[in-house]
2 protein chains.
Amino acid sequence: MQTQIQTVKRRRLHEDIVQHFHSLIREGALKHGDRLPAERELAEQFQVSRSSVREAIRSLELQGLAVSKPGAGTFISTENLDSVVALLASTFNAGADVLRDAFEMRHLLEPPIAALAAQRATPEEVARLREILEDQQRQIDAGDTGVESDTAFHFALAAATHNAALIKVVSAVEDVLQRSRGQSLEEPGRRQRSLASHQEILQRVQAGDPQGAQQAMDHHLAVVEPSGL
Amino acid sequence: MQTQIQTVKRRRLHEDIVQHFHSLIREGALKHGDRLPAERELAEQFQVSRSSVREAIRSLELQGLAVSKPGAGTFISTENLDSVVALLASTFNAGADVLRDAFEMRHLLEPPIAALAAQRATPEEVARLREILEDQQRQIDAGDTGVESDTAFHFALAAATHNAALIKVVSAVEDVLQRSRGQSLEEPGRRQRSLASHQEILQRVQAGDPQGAQQAMDHHLAVVEPSGL
DNA sequence: TCTGTCCGGTGGTCAGACCAATTTGGTGGT
DNA sequence: ACCACCAAATTGGTCTGACCACCGGACAGA
């Protein structure tokens, strides 16, 4: 038994702690908003050093499962999208041909996402989408590229699918594409064409027309695809 | 200058270190296989404590960008899929209705992935797919569920797209689904039906028939979808 | 009741120590 | 000259304790 244990690859302490919290989250024993015991307390409970606890909490943070606030504590945060997006985007960034790959995935995902949004969007979500396009219009009228609204529109569409996995992946892809989108929207006429096709998508979503929404998104992606990809 | 820095929201030290390494990787100054200086050395260079360096390296590890080996050092590892998959899978796991969401994403992604594989698979990749199905047949004949080969087949299909983002996302989704797949394949007749539809997909991929591959994958997903989802 | 201050608790960082694992360099033998 | 072995050096992993900045709650005063 003892010998057998030593032939197994040594597991790092902080990884065990992370797994422990994963189980608690998965079982529902910890949920969004719950506060973890203090680092010092966890170190005592787990009979480990505070350093190991900190390293575990770093992992949970990076996994988008927790947020630490100095002076306040560490909280389960399973609805915090920013860190997950940054993390997912960084994993995509690690490869070559990042833009090409991200764009291709976008082509695969966003048309059916638009279709799902057409089936599932609540009136509030439709209103939100409209609001974003009004912002985009204002930005373009003011001489800006409207890139933030452009990104927000795609994110809101994914949110309207009510599918957590899709939301996360789309957000990561959008994060990766944000830079090239800024350049792309500098081209003459592109902003207005982007906005026009956004509006077409919104009409189809509002009308509850999945096929129309899908086709409108296909068209939109053709309109905005950067040249030379 | 000094005063100005202090009015900016305090940034955590280890995050600055992570960003530094992100830049180095992005610029190509660090690439797969390169060894980082020792933690103690990095602490000295950056004029920070070793704890901060460690927390930064934890982050890089979790981002799938580095691997630490006791006694040897820390190495850039941008081609290490295992940690990225585990990480992505854990972010998906954090939500409710995990299986439902993962399955829905699978429905959106895997048919077009099969189509891309039909366009892009090399002869070696096709042979690999065939090999996996032969393994699956052997496992089923031996009375096992064949779940490992089932998963491997989907992963190999994604790999045949030559799109790094797709590979990562599909691998994460497969990781999440692996548990339910094991149960699903316990149902009578399901293994053979799964294998049969895999073989149909492979034929279409081998024939370079994207539409046929896509339809075969649609059919396959309908065959294997767990009841009650 | 509201506002301001203080204090205790929290996370963030530092420094140093020790242990386990790996690598490197030196020595001896062939 | 080459190889094997061993000890020392180096590395990451964990621990301990200290100090600092921040936050939230409690309490006192207006």
Side-chain angles (χ1 to χ4, degrees), chain A residues 2-21 30 33-77 80 82-83 86, chain B residues 2-21 30 33-77 80 82-83 86:
Chain A
Q2 179 79 0
T3 301
Q4 192 174 7
I5 291 180
Q6 291 191 350
T7 63
V8 176
K9 180 184 172 183
R10 185 179 177 93
R11 180 68 170 265
R12 297 202 258 173
L13 266 192
H14 78 265
E15 290 173 344
D16 290 336
I17 298 168
V18 170
Q19 288 306 318
H20 172 74
F21 283 114
L30 281 179
D34 286 352
R35 183 178 170 285
L36 298 192
E39 294 174 355
R40 291 170 180 90
E41 200 173 320
L42 288 173
E44 196 173 318
Q45 287 178 15
F46 292 131
Q47 294 291 303
V48 298
S49 75
R50 196 175 142 210
S51 298
S52 297
V53 169
R54 288 186 58 79
E55 292 192 13
I57 289 174
R58 277 314 65 77
S59 296
L60 292 172
E61 282 189 312
L62 273 163
Q63 289 166 359
L65 299 176
V67 174
S68 293
K69 299 179 186 175
T74 296
F75 301 84
I76 296 297
S77 173
N80 171 24
D82 287 347
S83 60
Chain B
Q2 180 80 359
T3 300
Q4 193 177 8
I5 291 181
Q6 292 191 348
T7 63
V8 176
K9 179 184 173 183
R10 185 177 178 94
R11 177 72 170 266
R12 297 203 256 174
L13 266 190
H14 79 266
E15 290 173 343
D16 290 335
I17 298 169
V18 171
Q19 288 308 314
H20 173 74
F21 283 114
L30 282 180
D34 286 353
R35 184 178 168 284
L36 299 192
E39 293 175 355
R40 290 172 180 88
E41 202 174 318
L42 289 172
E44 197 174 316
Q45 287 176 15
F46 293 132
Q47 294 291 302
V48 299
S49 76
R50 197 177 142 210
S51 300
S52 299
V53 169
R54 289 187 59 77
E55 292 193 13
I57 290 174
R58 277 314 67 75
S59 297
L60 292 172
E61 282 188 312
L62 274 164
Q63 289 165 358
L65 299 176
V67 174
S68 292
K69 298 179 187 176
T74 297
F75 301 84
I76 296 297
S77 175
N80 171 23
D82 287 346
S83 61

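Here is how names work: the chains are called A, B, and so on, in the same order as the sequence lines, proteins then strands, and each is numbered from 1. In this text, all values refer to a predicted model and were calculated from it rather than measured experimentally. Any value given below was found using the heavy atoms of this structure, including those in side chains, with hydrogens, waters and symmetry copies removed.
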- Whole Å only: how far is the CD atom of A/Glu15 from the C1' atom of D/dG12? 13 Å
- Task: Take the protein atom CG of B/Leu36 and the nucleotide atom P of D/dG12, then report the distance between them rounded to whole Å.
- Result: 9 Å
- Message: I need the CZ-C1' distance between A/Phe75 and C/dG9, as an integer number of Å.
- Response: 12 Å
- Task: For B/Ser51, answer base if it contacts any base atom (sugar-phosphate contacts may also be present), sugar-phosphate if it contacts only those atoms, and nothing otherwise; contact means non-hydrogen atoms under 4.0 Å.
- Result: base
- Could you go through the side-chain contact (heavy atoms from CB on, under 4.5 Å) check for A/Arg54 and B/His14 one step at a time? CA-CA 12 Å; A/Arg54 288 186 58 79; B/His14 79 266; 5.8 Å; no
- Message: Quick check: any donor-acceptor pair below 3.5 Å linking the side-chain of B/Arg12 to the base of C/dG11?
- Response: no
- Message: Assuming nearest nucleotide by heavy-atom distance, tell me which of A/His14 and B/Arg35 is located more 5' along DNA chain D.
- Response: B/Arg35
- Task: Please check the phosphate of C/dT10 (OP1 and OP2 only) for any side-chain N or O of A/Thr74 closer than 4.0 Å.
- Result: no
- Message: Could you tell me how far apart B/Arg40 (CZ) and C/dC19 (C1') are, to the nearest whole angstrom?
- Response: 11 Å
- Can you tell me the distance, in whole Å, between the NZ atom of A/Lys69 and the P atom of C/dG12? 12 Å
- Query: Does a nitrogen or oxygen in the side chain of A/Arg54 sit under 4.0 Å from OP1 or OP2 of C/dG12?
  - Reply: yes
- 5'-most contact on DNA chain C: A/Gly71 or B/Val48, nearest heavy atom basis? A/Gly71
- Message: Less than 4.0 angstrom between a side-chain N/O of A/Arg58 and OP1 or OP2 of C/dG12, yes or no?
- Response: yes
- Query: Which is it for A/Ile17 and A/Leu60 under the side-chain contact (heavy atoms from CB on, under 4.5 Å) test, yes or no, and what are the steps along the way?
  - Reply: CA-CA 10 Å; A/Ile17 298 168; A/Leu60 292 172; over 6 Å; no
- Side chain of B/Ala72: nearest nucleotide among C/dG11, D/dC23, C/dT23? C/dT23
- Find the distance A/Leu42:CG to D/dT16:C1' and express it as a whole number of Å. 17 Å
- Closest to the B/Ser52 side chain: C/dT10, C/dC14, D/dA18? C/dC14
- Query: Given atom CD of B/Glu44 and atom P of C/dC14, what is their separation to the nearest angstrom?
  - Reply: 14 Å
- Message: If the cut-off is 4.0 Å, is A/Ser49 near the phosphate of D/dC15, judged by side-chain N/O to OP1 or OP2?
- Response: yes
- Message: Let's see if you can work this out: which of C/dG11, D/dG12, C/dT13 has an atom nearest to the side-chain heavy atoms of A/Pro70?
- Response: C/dG11
- Message: Between C1' on C/dT22 and CD on B/Glu39, what's the gap in Å once rounded to a whole number?
- Response: 14 Å
- Interatomic distance, A/Ser49 atom OG to A/Glu55 atom CD [nearest 0.5 angstrom]: 8.0 Å
- With a cut-off of 6.0 Å (strictly less than), are more than 12 heavy atoms of other residues, nucleotides or ligands near CD of A/Glu44? no
- Message: Could you measure the distance from the OG1 atom of A/Thr74 to the CG atom of A/Leu65? Nearest 0.5 Å is fine.
- Response: 12.5 Å
